[in-house]
Amino acid sequence: VQLQASGGGLVQPGGSLRLSCAASPSIFYVNLMGWYRQAPGKQRELVARITNSGSTDYVDSVKGRFTISRDNAKNMVYLQMNSLKPEDTAVYYCNGANPGNYWGQGTLVTVSS
């Protein structure tokens, strides 16, 4: 499975962005789809993930602000990010797992005034 992330950019604190992950050929049989991020000088961390049944999981720092969703018919995964903070600045990566472990290239999100 190939993953292509997009939607990053520069946004002011308090703003919103929507990241998209386009998968090929299909995520229908990929149980776990997620978003990870890596800030400068830090380890990559899980931000959010969603199962095929729609169960979601978020890192505490984004709960209530970020929403992950998936559209298996369109082979897309999204991350809606609201109330962005400077500490959300990172390269965001799309991931698919179980079975396999697939990574897309990152998309940079910069939150700054």
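Contact between Trp35 and Cys21 at its shortest, heavy atoms only, is CZ2-CB, 3.6 Å. For Ala39 against Thr89, the heavy-atom pair with the smallest separation is CB-O, 3.6 Å. The nearest pair of heavy atoms linking Leu46 to Ala48 is CD1-O, 3.6 Å. The nearest pair of heavy atoms linking Val62 to Val47 is CG2-O, 3.8 Å. Closest approach of Gly96 and Met33 over heavy atoms only: CA-SD, 3.5 Å. Taking all atoms of both residues into account, the shortest heavy-atom contact from Val30 to Arg70 is O-NH2, 2.8 Å.
Counting only distance, with no hydrogens or angles, the side chain of Thr107 and the backbone of Gly8 share a donor-acceptor pair below 3.5 Å. Judged purely by atom type and a 3.5 angstrom limit, Asn72 has no side-chain atom pairing as donor or acceptor with the backbone of Asn75. In this structure, Arg18 contributes its side chain and Gln80 its backbone to no donor-acceptor pair below 3.5 Å.
Looking only at side-chain heavy atoms (C-beta outward), Thr67 and Leu79 stay at 4.5 Å or farther from each other. Between Ser112 and Pro86 the shortest side-chain heavy-atom distance does not fall below 4.5 Å. When side chains are defined from C-beta on, Ser24 does not count as touching Val1, because their heavy atoms never get closer than 4.5 Å.
Between the CE atom of Met76 and the SG atom of Cys94 there is a distance of 9.0 Å, given to the nearest 0.5 Å. Remark: Phe66 CZ to Asn82 CG distance equals 8.5 Å, nearest 0.5 Å. Going from atom CZ of Arg37 over to atom CG of Leu108 covers 13.0 Å, rounded to the nearest 0.5 Å. Separation of atoms OG (Ser26) and NZ (Lys74) is listed at 15.0 Å; rounding is to 0.5 Å.
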Go through the steps to decide whether Val109 and Leu19 satisfy the test side chain to side chain contact (heavy atoms under 4.5 Å, CB included), and finish with yes or no.
CA-CA 9 Å; Val109 172; Leu19 304 184; 4.0 Å; yes
For Val59 and Glu45, what are the C-alpha separation, side-chain angles and deciding distance, and is it a side chain to side chain contact (heavy atoms under 4.5 Å, CB included)?
CA-CA 9 Å; Val59 66; Glu45 67 169 349; 4.2 Å; yes
Run Val11 and Thr110 through side chain to side chain contact (heavy atoms under 4.5 Å, CB included) and show every step you take.
CA-CA 6 Å; Val11 63; Thr110 303; over 6 Å; no
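Residues satisfying the side chain to side chain donor-acceptor pair (under 3.5 Å) criterion with Gln105, sequence neighbours excluded, are absent altogether. Taking the side-chain contact (heavy atoms from CB on, under 4.5 Å) definition, one finds that Thr51 meets it with Asn31, Leu32, Ser53, Ser55, sequence neighbours left out.
Pairs passing the ring-ring contact (aromatic ring centres under 6.0 Å, His included) check and including a residue from residues 74-112, sequence neighbours excluded, read Tyr36-Trp103.
Salt bridge absent: Asp88 and Lys85 never bring a charged side-chain N and a carboxylate O closer than 4.0 Å.
The neighbour count for Gln43 CD, taken as heavy atoms of other residues, nucleotides or ligands under 6.0 Å away, does not exceed 12.
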